[in-house]
Amino acid sequence: MSDKHELLDEVDQVLNKKKRLDFEYLVFTLLLMSFVSLALFPKIYIQQQIYFKSRDISKLKGEYDTLIEENRLINTSVESIRFKNQILDTLF
């Protein structure tokens, strides 16, 4: 029975070689991760800046539209007051 186990152990060693993680593999993985992060960092930073600028622009556009509408209402009331003053001044 021990011959069977020895034979199975040897077959297992041949078929399923154990992979050992050594220092070179660790260094390679860390270098690969650093290169990937260095390559992706500018893209992520630029996209984030574009997002924040577009959000600011959207906010300012909303305020601009509000001010345009207020200006239109003020001009209408000024024209109304001016018309009323011109008409009323001529009647009295």
Side-chain angles (χ1 to χ4, degrees):
M1 197 128 165
S2 74
D3 291 337
K4 278 184 176 180
H5 288 295
E6 285 180 33
L7 185 60
L8 286 174
D9 287 340
E10 289 178 17
V11 169
D12 189 39
Q13 287 177 358
V14 171
L15 293 178
N16 298 325
K17 289 187 177 181
K18 293 183 179 179
K19 296 180 180 176
R20 298 185 65 184
L21 302 178
D22 56 349
F23 183 71
E24 290 179 11
Y25 184 75
L26 176 66
V27 169
F28 175 74
T29 305
L30 290 176
L31 284 174
L32 183 67
M33 288 174 43
S34 64
F35 285 135
V36 167
S37 64
L38 285 175
L40 293 179
F41 179 73
K43 181 181 183 280
I44 293 170
Y45 177 76
I46 290 172
Q47 283 180 340
Q48 212 174 22
Q49 292 303 316
I50 289 172
Y51 168 74
F52 288 126
K53 292 295 181 187
S54 66
R55 197 172 70 175
D56 293 341
I57 289 171
S58 176
K59 179 182 169 190
L60 291 173
K61 174 81 167 105
E63 290 174 0
Y64 175 75
D65 292 340
T66 303
L67 290 174
I68 293 292
E69 187 64 27
E70 286 179 8
N71 189 22
R72 188 183 64 77
L73 291 173
I74 290 171
N75 283 338
T76 304
S77 67
V78 166
E79 287 296 321
S80 167
I81 292 170
R82 185 178 295 146
F83 178 75
K84 190 188 313 181
N85 281 343
Q86 287 176 355
I87 297 299
L88 291 178
D89 284 347
T90 59
L91 291 177
F92 290 112

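Values reported hereafter were calculated over all heavy atoms of this structure, with side chains retained and with hydrogens, waters and symmetry mates removed.
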Please check if the number of heavy atoms outside Gln49 that lie under 6.0 Å from its CD is greater than 12. yes
Counting only pairs under 3.5 Å, give me each side-chain donor-acceptor contact of residues 52-69, with atom names and distances, residues two or more places apart or in other chains.
from, atom 1, to, atom 2, distance (Å)
Ser54, OG, Ile50, O, 3.2
Ser54, OG, Tyr51, O, 2.8
Lys61, NZ, Asp65, OD1, 3.2
Thr66, OG1, Gly62, O, 2.9
Glu69, OE2, Arg72, NE, 3.4
Glu69, OE2, Arg72, NH2, 2.4

Lys4 side, atom NZ; Ser2 side, atom OG - distance, nearest 0.5 Å: 11.0 Å
List, one per line, each side-chain donor-acceptor pair under 3.5 Å for residues 31-43, sequence neighbours excluded.
from, atom 1, to, atom 2, distance (Å)
Ser34, OG, Leu30, O, 3.3
Ser34, OG, Leu31, O, 2.7
Ser37, OG, Met33, O, 3.2
Ser37, OG, Ser34, O, 2.8

